[in-house]
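Everything below concerns the one structure shown next.
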Amino acid sequence: MLTGAVRTAMEGVFPVNIVTCSCEGIPNSTLLSQVWYVDERHIALSDQYLNKTRVNLMGNPNALLRIYGEDLRTFDLRIEYLRTETSGEVFKQMALKLEAIASYMGMLDRFVLRGADIYKVLEVRERTHYWKREEEE
Amino acid sequence: MEIKLAKLVSGPFIGHLGTCNAEGRMSSDIFCSAALHENPDRLVIHIGDAALMDVRRNIAENNYGAAIIVDVLTYEAIQIKGPLTFRPAIEEERLLNRIRVKTLVDLGYPESLETMSSELLTAIELTIQEVYRQTPGVGAGETILNLKGD
């Protein structure tokens with residue numbers, strides 16, 4: 001399910017947007033520093049300050065992840081929250097990468113990995129066609 | 001809050017608009033142009049028509065949206081929530097959108113971003129009900145404004 005093109009986009013320059021929805025139908029939109037490939041059907045997202053996102057996921061575990069690659073190749077991942085890991089190899093690798101991102105952004109004191117949230121990927125849809133100019137269509 | 005939001009949307013920023021339908025199916029769309037309405041309790045977001053299919057479908061069932069806006073120079077960010085309405089963008093808004101896209105490309109963002117300079121642009125009016133601080137760090141998620149009272 002997570003093909004080479006999606007994995008390339010996961011390494012893109014744009015932050016990833018995650019949208020969750022409360023049981024009352026109120027959406028929440030926030031950005032994440034990194035998406036970590038776990039295996040063909042699972043990803044991990046960095047939990048830094050995801051307070052409302054976490055509340056929403058406890059009531060409705062489904063979320064939408066919008067990923068933009070460097071060339072704006074765009075993917076929507078429908079994902080389902082499974083668990084949070086605060087130790088182990090995935091957590092360790094994500095913490096190292098987050099430190100590198102924070103250093104690049106000059107925000108070492110602000111980026112702390114609280115957990116690696118593990119999600120099952122339910123569906124992947126490419127949305128790159130949105131970016132075509134009208135005359136190309 | 002009005003001054004803070006006006007400052008944020010007047011500089012180079014990236015925004016993401018999230019919606020969800022009655023079944024909780026979500027959508028996300030990127031934007032880099034917005035302005036405060038003359039009535040400052042509304043923010044007007046500019047997004048190309050082609051990207052809006054899912055948003056249109058969702059707000060037919062649930063018109064409440066959430067937009068996060070991030071200053072690309074300082075990473076200062078806020079999230080705004082409220083009901084959404086649509087109208088076609090006017091020429092002034094199309095011009096502003098083109099300028100904002102060019103600014104980002106000049107700052108080093110990919111040239112492919114220029115495809116956001118769509119002539120078929122929609123103005124989405126978000127009536128501000130909730131505002132949250134989203135800048136990374138302690139205080140992220142803090143409520144700045146909540147007119148819903150929950």
Side-chain angles (χ1 to χ4, degrees), chain A residues 12-31 33 48-56 59-74 76 78-79 101-102 105-107 109-112 125 127-137, chain B residues 14-30 47-54 58 61-70 72 75 77 79-81 108-120 129-130 132-142 148 150:
Chain A
V13 293
F14 284 92
V16 172
N17 178 220
I18 183 169
V19 181
T20 56
C21 186
S22 73
C23 296
E24 293 76 34
I26 308 293
N28 193 77
S29 175
T30 194
L31 299 178
S33 302
Q48 293 153 240
Y49 303 99
L50 299 176
N51 299 323
K52 187 64 180 175
T53 298
R54 183 158 300 286
V55 171
N56 284 354
N60 172 9
N62 295 305
L64 178 82
L65 200 65
R66 170 62 70 93
I67 300 174
Y68 300 93
E70 274 193 45
D71 54 357
L72 280 183
R73 199 161 173 189
T74 306
D76 279 350
R78 274 204 316 117
I79 55 179
I101 293 169
M105 294 173 71
M107 300 181 103
D109 55 334
R110 296 204 209 172
F111 279 26
V112 178
R125 294 174 73 192
R127 314 311 291 263
T128 311
H129 61 281
Y130 282 173
W131 303 103
K132 285 185 180 174
R133 290 181 188 279
E134 286 79 19
E135 62 265 30
E136 291 176 346
E137 293 180 341
Chain B
I14 294 279
H16 296 270
L17 176 66
T19 63
C20 62
N21 72 2
E23 283 78 47
R25 187 159 182 120
M26 290 144 258
S27 74
S28 164
D29 278 298
I30 193 170
I47 300 183
D49 282 7
L52 284 173
M53 281 184 301
D54 290 349
N58 280 357
E61 299 176 11
N62 173 12
N63 75 341
Y64 214 78
I68 182 167
I69 298 173
V70 185
V72 299
Y75 308 113
Q79 183 180 191
I80 305 156
K81 299 185 186 185
Y109 278 79
E111 285 187 12
S112 45
L113 206 62
E114 286 176 355
T115 52
M116 288 174 74
S117 298
S118 171
E119 287 303 307
L120 296 172
Q129 293 285 299
E130 303 170 66
Y132 300 94
R133 195 180 314 283
Q134 296 281 170
T135 308
V138 177
E142 192 176 274
K148 289 181 75 221
D150 48 19

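Values below: every heavy atom of this structure, side chains too, minus hydrogens, waters and symmetry copies. Lettering of chains follows the sequences in order, A, B, ..., and the numbering in each one begins at 1.
- Chosen from B/Ser27, B/Gly48, B/Gly65, the residue pairing most often with chain A at heavy-atom distances under 4.5 Å is B/Ser27.
- In this structure, CG on A/Asn62 lies 11.5 Å from SG on B/Cys20, to the nearest 0.5 angstrom.
- Ranked by heavy-atom pairs shorter than 4.5 Å toward chain B, the options A/Asn17, A/Asn60, A/Ile26 are led by A/Asn17.
- Distance check: B/Asn62 CG to A/Cys21 SG gives 6.5 Å after rounding to the nearest 0.5 Å.
- Legend: salt bridge (Lys or Arg N to Asp or Glu O under 4.0 Å) pairs involving residues 18-27 of chain B, not counting sequence neighbours, sorted by first then second residue: A/Glu123-B/Arg25.
- A/Ile18 does not touch chain B: none of its heavy atoms, backbone or side chain, sits under 4.5 Å away.
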Inset, instruction - Check step by step if side chain to side chain contact (heavy atoms under 4.5 Å, CB included) holds for A/Arg66 and B/Asp29. - result: CA-CA 8 Å; A/Arg66 170 62 70 93; B/Asp29 278 298; 3.9 Å; yes
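- Within the 4.5 Å cutoff, the side chain of B/Gln134 has no heavy atoms near those of the A/Leu31 side chain.
- How far OH of B/Tyr132 is from OG of A/Ser29: 13.0 Å, rounded to the nearest 0.5 Å.
- To the nearest 0.5 Å, the span separating CZ on A/Arg127 from CD1 on B/Ile30 amounts to 14.0 Å.
- Side-chain contact between A/Thr30 and B/His16 is absent, with no heavy atoms from C-beta onward closer than 4.5 Å.
- For the atom pair OG (B/Ser28) and CG (A/Leu64), the distance works out to 6.0 Å, reported to the nearest 0.5 Å.
- Proximity to chain B (any heavy atom under 4.5 Å) is shown, for A/Asn28, by both the backbone and the side chain.
- For the side chain to side chain contact (heavy atoms under 4.5 Å, CB included) test, residues two or more places apart in sequence or in another chain that qualify with A/Asn51 are A/Arg114.
- Annotation: side chain of B/Met26 is not in contact with side chain of A/Pro27 (no heavy-atom distance under 4.5 Å).
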